[in-house]
J.: 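One structure follows; several queries about it will come next.
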Amino acid sequence: MHAFRVGLAASILLAACGGDDQGANPPGDDVADAEKGDSAARSSRAPSLSSLTPSRSIAGSPSLRLSVAGAGFVSRSVVRFGSSALTTTFSSATHLRATVPAALLATPGAYNVTVRNPSGATSGPVRFVVESPAPVVTALSPSSATQGQAGLTLVISGTGFRPSVTVLFAGSTIPVISVTPTQVVCALSATMLSSPGVVSVVVRDPLGASSNATAFEVRAPAPTLSSIEPASLPVGSGATTLTLGGTGFFPGSQVVVGGVTLAPTSASATRLEVSLPASVIAAVGVVAVTVRNPAPGGGASSALPLSIAGWQNRTISDANGPPALVGAGVVAAFNRVYVIGGRTSLSWDGGRTSQSTLWSWDPAAGAWDPPVPFPPSMQGRWKASVAYDGANGKIVVFGGWGAQSALGDQWLYDPVSGFAAVDPSAIPPALTPRGSASMTYDAARRRVLLVGGTVNSYDPLGGMFSWNGASWRSIPSERSAHWIAQEGIGCDRVAATCWIFGGLSDTAGFETADLLVERDGAGTFSPVVGVTPGPTARADAAAVLDEARGSFEVFGGHSGAGARLVGDAWSWDGMAWKQDTGIGPSARASAGMTMAPNVGGGVAILFGGATQTQTWNAPAILSNELWYHVSAAPVRCPSPVTQGRSVTVSVPMSASIQGGHWVSSGVSLVACNRYTITTSGSGSICGTPIPSADGVTSGRCEATLSRDGALVGMVSAMPPVDRGTNQFLPGAGSAMRLAPEAGALYLGIDDDGQAQTGGYSVTIDY
């Protein structure tokens, strides 16, 4: 037994040492020995590592399978995660698999992954990132800002914020002030708030994880429009620059003029300039001007009116339209302009050419409606008195000249009921038959006024009457310096004032240039004297009160020997006359004029008239032209503008100031600005001490002014002086006044040439 063991051991030893041919490995063993040699050689070389899949994970994730790609791997290669060896599975010399336990993924950070072969040779590292959970943004405070405001502090609330986070605002990094796990405080500069829009806010972890994007709005300011300059442009004037004043403007603002959107050519926070194309100024009218800022925020400003001023012929060929007429009643109502009656000839024909028809013009459609005949019992007539009774919703027609004589009947009209006769018992005996009486609606007192008239072509009738929708009332206090006929009349509801101009005078027997004003509602018409220049004496002028501007508009008429026709246009603003120098209709008389009901604030419509008077050897020439007219005077302000500036003007006194004392304040007027006037000083004016002469307990009063055109509101800071007694007349008007002259604010007192002492100053807040 022992001999056998010794011999076996010797045989094994010989074989291990190479021995003789009897101890050699079978042929197949030679290949195995070669592979073992190659493996040993590979394991002695350093492996290389090219990629990891995955290469990152979120902290707190469970264990994961890591795929390792590279070269030089052997069966006993080990993947190491930082300093920890991982359980590794050999797939090939270029691929290993390993398990990363959850414990190694618990802490965020960047870890080196390597491969070590049994010989100790180790690859270069590849980074594996354990990320923090992505930060979450839940709220921004504030979540919006107004474009152009100064920088602000932005507070970001959420979760998962680490000390080294960065904040991206619209993709750009912004300064971080402080960080807690639930709040990041950072700074936004004014530059970041310079353009409106919606931008994203993102919080980024130091290891690259990004939060959800949260919207922050840079809101455009809400614009305010306080002025436009010029406030009036001549029709057809071509491309023009319009300057707008206000707040909240910026280059992205848009200007809307009459529905046309325009981009500004120049912009600052308080001023915009825009080029108006010729197409915007091609037709007379009043267009709305607004400024619109884009969203977010923004919106449109309130509108200011821009007058496209001048005359424009709107006559069209329309089978429904009226013929050429003289003495037709023209009135606006029910979104139409009505032409009532009239005459197609001035030749004596027994009244056969007096019309028994009502025509209506639709300004919106630019067309005539089918004509409406008078009822059989309503005579044809011309130079009837016509007005729209706004309180009762009826057109009132009184009198006129019929076939043989003046008429004294009254009719009411509306489109639904047609014509209806008024019971003669409702017409007082004093309201005798007449034609050429002036009639208008006094909206301030909800009454229709009828003044004067004639029983024939030459003899004026007296009397003033008011209609309340059911009956007439005679107003005996109306009598003034003149009874008049064929005059122009209009009432302003805002100022509660009525005006009468021109006509035939029973004292002079011919045309007058008298201007009368009624303020008390009792029919007390007082003459306005000493105003020059102004329209010449005339009768049969077309006249209307433009409430949008507070101006009394007068056009044409006849004057002097041979009833010479005139063709000039004037507007009275309560302080002065202003002549319209634009090209308009030819000279004519007995035309009708009214304010358009739905074309826009302050558009007058003139129809018909005689463009050549009757002579022994030539007939009159009549017109059926329809003209639109817009005054160059500024439209009334819709509301006052906040005051913010002040200037004081000293007014020295001289021994005698004939016709008024005027000084420039140097204040540039802006359309629709509100001015507050304060007077102070010492001495006296016409013997009345200053400042008690201002007639206002507080010494303050207000007026609304405009740069272009006449005064819109009057200043009652100084009562006027009766030129006969040199006594102040409180409540009767204003001697101290404001007027736009050459783009500056002027103040003055008409002292009637009386001696002045001392001096006073005027402070203007605007």
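Values in this document were obtained by computation on a predicted structure and should not be read as measured data.
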J.: Please tell me if the side chains of L66 and T53 come closer than 4.5 Å, counting only heavy atoms from C-beta onward.
T.: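 The answer is no; the side chains never approach within 4.5 Å.
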
J.: Under the rule for side chain to side chain donor-acceptor pair (under 3.5 Å), what residues qualify as partners of S67, not counting sequence neighbours?
T.: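 Partners of S67 by the side chain to side chain donor-acceptor pair (under 3.5 Å) criterion, ordered by chain and then number, come out as H95.
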
J.: Going by atom types alone, do T114 and R80 pair a side-chain donor with an acceptor below 3.5 Å?
T.: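 R80 and T114 do not have a side-chain donor-acceptor pair below 3.5 Å.
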
J.: At what distance, to the nearest 0.5 angstrom, does CZ of F128 lie from CG of L104?
T.: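 Reported value, rounded in 0.5 Å steps: 10.0 Å.
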
J.: Under 3.5 Å, side chain of D205 to main-chain N/O of V165, donor-acceptor pair present?
T.: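 Absent.
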
J.: Taking the side chain as C-beta and beyond, is there a heavy-atom pair between T166 and V176 under 4.5 Å?
T.: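 Answer no - side chains too far apart.
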
J.: Less than 4.5 Å apart, side chain to side chain, heavy atoms only: is that true for V78 and L86?
T.: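 Sidechains of L86 and V78: no contact.
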
J.: To the nearest 0.5 Å, what is the distance between CG on D546 and CG on D492?
T.: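 Answer rounded to 0.5 Å: 9.5 Å.
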
J.: Within the side chain of T122, is there an N or O that forms a donor-acceptor pair under 3.5 Å with the backbone of G120?
T.: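 A pair under 3.5 Å: yes.
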
J.: Do the non-hydrogen side-chain atoms of L105 and V100 ever get within less than 4.5 Å of each other?
T.: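 Side-chain contact under 4.5 Å: yes.
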
J.: Roughly how far, to the nearest 0.5 Å, is the OG1 atom of T94 from the CZ atom of F73?
T.: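 Reported value, rounded in 0.5 Å steps: 7.5 Å.
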
J.: Nearest 0.5 Å, what's the CG-CD1 distance between L244 and I228?
T.: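 If I round to the nearest 0.5 Å, the distance is 6.5 Å.
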
J.: Is there a donor-acceptor contact under 3.5 Å from the side chain of Q312 to the main chain of V284?
T.: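 A pair under 3.5 Å: yes.
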
J.: Please report the interatomic distance CZ(R204) to OG(S210), rounded to the nearest 0.5 Å.
T.: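 These two atoms lie 4.0 Å from each other.
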
J.: Would you find a donor on one side and an acceptor on the other, under 3.5 Å apart, between the side chain of T146 and the backbone of P221?
T.: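 Not a single qualifying donor-acceptor pair exists.
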
J.: Do N293 and F249 touch side chain to side chain, with heavy atoms closer than 4.5 Å?
T.: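 Side-chain contact under 4.5 Å: no.
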
J.: With a 3.5 Å distance limit and no angle check, can you tell me whether T265 reaches the backbone of S275 through a side-chain donor-acceptor pair?
T.: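 It does not hold such a pair.
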
J.: Side chain of Q147, backbone of P196: donor and acceptor closer than 3.5 Å?
T.: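 No: the side chain of Q147 does not pair with the backbone of P196.
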
J.: Applying side-chain hydrogen bond (donor to acceptor under 3.5 Å, both in side chains) to T247 and T224, what does each step give before you reach the verdict?
T.: CA-CA 5 Å; T247 61; T224 62; 2.3 Å; yes

J.: Check for a donor-acceptor pair, side chain of S301 on one end and backbone N or O of V291 on the other, with a separation under 3.5 Å.
T.: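 Here the side-chain-to-backbone pair exists.
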
J.: Hey, does the side chain of R549 reach the backbone of G602 with a donor-acceptor pair shorter than 3.5 angstrom?
T.: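 Checked: pair present.
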
J.: Donor-acceptor check, side chain of S77 to backbone of V74, threshold 3.5 angstrom: yes or no?
T.: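 The answer is yes, because a donor-acceptor pair under 3.5 Å joins these two groups.
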
J.: How many angstroms lie between atom CZ of R97 and atom OG of S91, to the nearest 0.5 angstrom?
T.: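 Nearest 0.5 Å value for the CZ-OG distance: 3.5 Å.
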
J.: Identify the residue among S172, P175, C186 that makes a side-chain contact (heavy atoms from CB on, under 4.5 Å) with V167.
T.: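 Going through the options one by one, the only one that passes is C186.
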
J.: Judged by modelled atom types alone, do S55 and R127 share a side-chain donor-acceptor pair under 3.5 Å?
T.: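 Short answer, no.
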
J.: Has S211 got a side-chain atom pairing as donor or acceptor with V203's backbone, closer than 3.5 angstrom?
T.: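 At least one qualifying donor-acceptor pair exists.
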
